[in-house]
Amino acid sequence: MSSETNQHNDHLLPVVAVAQIVAITEQAVLALAKQDELDLVEHENRRHVTASSLRAYIKRKQRKARRAAPKARANHEGSVYDALRGSGIWYAAISVREGRKRRRIKRRAASQQEALQKLAELKRTYLKRSSVQLAPGEIVDEQVKRPTYGELFAEWRAAIKTSVKRNTLRHYDTAIMQWLNPYLGSPA
């Protein structure tokens with residue numbers, strides 16, 4: 001707990017400053033010192049924490065946070081999250097593809113358990129047209145039609161038709177028909 005040998009070699013920080021840095025109360029800093037997480041030094045009738053013990057404590061906290069960090073979610077898995085920590089407001093969210101655009105759909109819930117139920121409901125509602133696994137062993141049968149390259153090129157051509165000159169459009173058509181379609185084939 002107390003270390004007189006490091007006092008001369010290490011910077012000393014007041015307990016109040018350490019509490020502000022770590023965003024906890026002074027009593028919590030003293031409790032950490034009792035648990036030998038921080039080195040506490042009595043200096044000039046005041047309590048101080050050594051800078052090296054504070055650095056080591058912060059590194060240990062960061063390592064624990066990295067280990068406890070949630071894994072990245074898979075496609076179509078959705079997410080459940082707390083709006084603000086401790087606020088009691090939870091959200092269930094899922095990304096849905098509509099044509100070539102993606103849209104994020106969220107539902108608000110009062111608890112994490114309710115948010116998980118709403119996520120399952122969102123999956124059933126919005127992912128029923130794809131062949132995505134909704135739950136272990138449960139697969140929806142309907143297949144999503146994948147567009148062909150020809151359809152994608154036709155859609156792109158219609159989108160740029162008004163913004164390019166007629167001659168440029170003719171060159172694009174020639175390039176697509178002569179060079180791209182023969183080598184890409186039909187599936188997208």
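Excluded from the calculations below are hydrogen atoms, water molecules and symmetry mates; all remaining heavy atoms, backbone and side chain alike, are included.
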Qualifying residues under salt bridge (Lys or Arg N to Asp or Glu O under 4.0 Å), relative to R47, sequence neighbours excluded:
E42
Shortest non-hydrogen contact from D82 toward I89:
OD1-O, 2.9 Å
Report whether I160 and L180 are members of the same hydrophobic cluster (ILVMFWY, side-chain heavy atoms less than 4.5 Å apart, transitive linking).
yes
List the atom of E77, the atom of L119, and the distance in Å for their closest heavy-atom pair.
O-CD2, 3.9 Å
Using the rule that Ile, Leu, Val, Met, Phe, Trp and Tyr join whenever any side-chain heavy atoms are under 4.5 Å apart, tell me whether I176 and V164 fall into a single cluster.
yes
With sequence neighbours excluded, tell me which residues meet salt bridge (Lys or Arg N to Asp or Glu O under 4.0 Å) with E37.
R60
Could you check whether any side-chain heavy atom of Q117 comes within less than 4.5 Å of a side-chain heavy atom of S111, counting everything from C-beta outward?
no
To the nearest 0.5 Å, how far apart are CD1 in I24 and CG in L32?
5.0 Å
Taking only residues two or more places apart in sequence, or in another chain, which ones meet R157 in a side chain to side chain donor-acceptor pair (under 3.5 Å)?
D173
Measure the shortest side-chain to side-chain distance between V49 and D39 over non-hydrogen atoms and say whether it is less than 4.5 angstrom.
no
Assigning hydrophobic clusters by single linkage (Ile, Leu, Val, Met, Phe, Trp, Tyr; side-chain heavy-atom cutoff under 4.5 Å), is L40 placed with V16?
no
For R104, I'd like to know if atom CZ has over 12 heavy atoms of other residues, nucleotides or ligands within 6.0 Å.
yes
Among R55, K61, Q62, which one satisfies side chain to side chain contact (heavy atoms under 4.5 Å, CB included) with I58?
Q62
Do Y172 and W156 come within less than 4.5 Å of each other through their side chains, counting heavy atoms only?
yes
